[in-house]
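Below is one structure, written out as structure tokens, with a few remarks after it.
We name chains A, B, ... by the order of the sequence lines, and we start the count at 1 in each one. The structure presented is a predicted model; accordingly, all values stated were derived computationally and were not measured.
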There are 2 protein chains.
Amino acid sequence: MTDPSPPTKDRLLEAAEHLFASRGFDEVSIRELAAAAGVNIAAVNYHFQGKENLFHEVCARRFSAQRDRTLQALEALQKESNPPPTLAMVIRTLVNEYLEGTLAADGGPGFLMAVSRELHEPEACDRGAMFKNMIQPVFSSFSSALQNVAPQLDPDQMTWIIASIVGQIHHFIMRWVKKEAMDPQNETYGIMLRIFPVLGEPLPVYIEQVTDHITRFTTAAITGMNREESA
Amino acid sequence: MTDPSPPTKDRLLEAAEHLFASRGFDEVSIRELAAAAGVNIAAVNYHFQGKENLFHEVCARRFSAQRDRTLQALEALQKESNPPPTLAMVIRTLVNEYLEGTLAADGGPGFLMAVSRELHEPEACDRGAMFKNMIQPVFSSFSSALQNVAPQLDPDQMTWIIASIVGQIHHFIMRWVKKEAMDPQNETYGIMLRIFPVLGEPLPVYIEQVTDHITRFTTAAITGMNREESA
DNA sequence: AGAGAAATTAAACAACCGTTTGAATTGTGT
DNA sequence: ACACAATTCAAACGGTTGTTTAATTTCTCT
């Protein structure tokens with residue numbers, strides 16, 4: 001069973017991941033998928049029982065990869081207790097893993113955009129299960145990590161704070177319009193973003209700068225809200 | 001020229017605004033549009049030279065309405081100088097206008113989602129002109145309002161801060177899944193959102209609560225970042 | 001009233017979609 | 001080597017899409 005070229009199903013998954021990420025679900029036909037994978041058109045329905053199912057499998061693969069990556073980073077941060085992690089470090093870890101994982105992956109921000117649209121459509125996919133299996137674990141882990149470094153944090157506020165963080169992250173991801181590898185040796189940090197400034201031309205920035213900003217902004221917000229409440 | 005029933009073009013625009021907002025661009029055919037407007041199928045191409053153009057006109061209408069609404073609110077806030085507006089009030093004004101204008105409108109969050117997808121696709125629409133005419137004015141007005149209440153604010157940071165605010169707003173809008181008029185007399189505040197909590201079931205909240213959170217979060221972030229810098 | 005532009009109509013068009021069919025091919029276990 | 005299942009294949013199916021056509025109706029102006 002040592003196939004030199006991977007089986008049809010895997011090649012289809014790989015091609016689908018790339019095409020769906022770069023062009024969205026509706027915009028890519030199964031004829032394109034089959035051509036890109038070098039397989040017959042009927043293979044999609046034979047192996048996945050329809051285009052929709054193939055898309056769901058691709059989503060599940062990438063979601064779980066992103067989830068595992070983030071959980072691992074948060075876990076590692078919790079373990080290294082010398083020096084103990086700070087609030088800013090916990091936030092930075094989540095933001096960094098989210099941005100890097102989403103932008104460095106094949107297709108860049110396209111996949112997040114494709115899946116976010118699908119998530120808000122009719123009950124095509126089981127959003128409840130998707131959320132419970134993919135998103136909830138990350139939320140829980142991040143939430144408890146936050147509690148550790150900011151014990152005074154009101155648990156009721158946790159949901160709101162996480163929403164504000166995720167909102168910022170998604171917004172910056174959606175604004176990524178160009179992918180340029182500046183330094184071949186460290187290409188992750190070469191991915192660039194052009195955000196629209198208040199005035200003037202779009203501004204090219206690095207992932208690092210975005211991580212820095214969200215971390216500083218969010219850390220200041222959390223500590224500030226605490227200070228305000230105890231006053 | 002006192003037509004009792006509006007001309008074909010207007011009825012088409014109205015039906016298109018509703019349908020595009022609730023189901024997206026791809027998911028609604030021009031046959032549905034024509035049927036909903038009670039006109040012939042060919043009317044779309046006769047009056048708008050294609051489905052795409054009709055969508056752009058709908059977008060332009062709603063974008064400019066949202067822009068005018070927000071600009072007006074910010075302007076009004078600047079004029080009433082007794083008591084002079086605070087940082088929190090400026091932020092609250094932008095957030096409130098954005099949320100109310102987007103969610104109370106026909107189709108609710110659907111339109112923002114439909115247009116945000118379109119904005120990131122190939123050069124179908126002139127994003128440069130769209131940004132310059134629709135978004136840039138609001139950014140400028142909001143930016144100068146912020147400068148007035150927080151003169152120490154670094155202009156270079158303004159772009160980042162606005163991005164963080166807009167990111168939060170969009171995220172909460174996207175999470176709106178249900179529209180319920182709780183109080184017929186004040187139906188705007190009856191629109192509800194179900195955000196995914198860290199644990200447990202989706203939580204129904206009011207627009208007011210979202211506005212409060214974003215305002216407090218952002219205000220604390222800005223003042224906190226300032227404090228941190230001057231330390 | 002009548003000529004000419006504008007608007008509306010039913011019908012057809014060509015292209016593409018996701019899926020299915022049934023035969024041909026490849027792989028597997030005995 | 002043989003029977004049988006799993007897979008691949010070219011071809012076609014039924015349906016929908018956005019757009020166009022050409023005839024007809026409605027409106028406008030002299």
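Dashed line: the shortest gap from a side-chain N or O of Ser29(B) to OP1 or OP2 of dT16(D) is not under 4.0 Å. At dG18(D), none of the side-chain N or O atoms of Asn45(B) fall inside 4.0 Å of OP1 or OP2 (strictly under the cut-off). Not one side-chain nitrogen or oxygen of Thr8(B) sits closer than 4.0 Å to the OP1 or OP2 atom of dA7(C).
From Arg67(A), atom CZ reaches atom OG of Ser141(A) across 12.0 Å, with rounding to the nearest 0.5 Å. Atoms CG and CD, from Leu19(A) and Glu32(A) in turn, are 6.5 Å apart once rounded to the nearest 0.5 Å.
Taking atom CD on Glu32(A) and atom P on dT19(C), their separation rounds to 15 Å, with Å as the unit. Between Ile41(A) atom CD1 and dT21(C) atom P there is a gap of 16 Å when expressed in whole angstrom units. Rounded to an integer number of Å, the gap from CZ of Arg31(A) to P of dG18(C) is 7 Å. One atom, OH of Tyr46(B), and another, C1' of dT24(D), lie 14 Å apart when rounded to the nearest Å. Glu27(A) places its CD atom 10 Å from the P atom of dC17(C), with the value rounded to the nearest Å. For the pair Phe55(B) CZ and dT17(D) P, the interatomic distance rounds to 17 Å; values are reported in whole Å. Between Arg23(B) atom CZ and dT16(D) atom P the separation is 14 Å, expressed in whole Å. Residue His47(B) contributes atom NE2, which lies 9 Å from atom P of dT9(C) at whole-angstrom precision.
The Asn40(B) side chain lies nearest to dT8(C) when the options are dT8(C), dT19(D), dT8(D). Of all nucleotides listed (dT9(C), dT19(C), dT17(D)), dT9(C) comes nearest to the side chain of Ala42(B).
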> What do the steps show when you test His56(A) against Phe48(A) for ring pair (Phe, Tyr, Trp, His ring centres under 6.0 Å), and what is the final call?
Replying inline: CA-CA 10 Å; His56(A) 292 335; Phe48(A) 297 97; over 10 Å; no

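Cation-pi geometry between Lys51(B) and Phe25(B) is met: the NZ or CZ atom falls under 6.0 Å from the ring centre, inside 45° of the normal.
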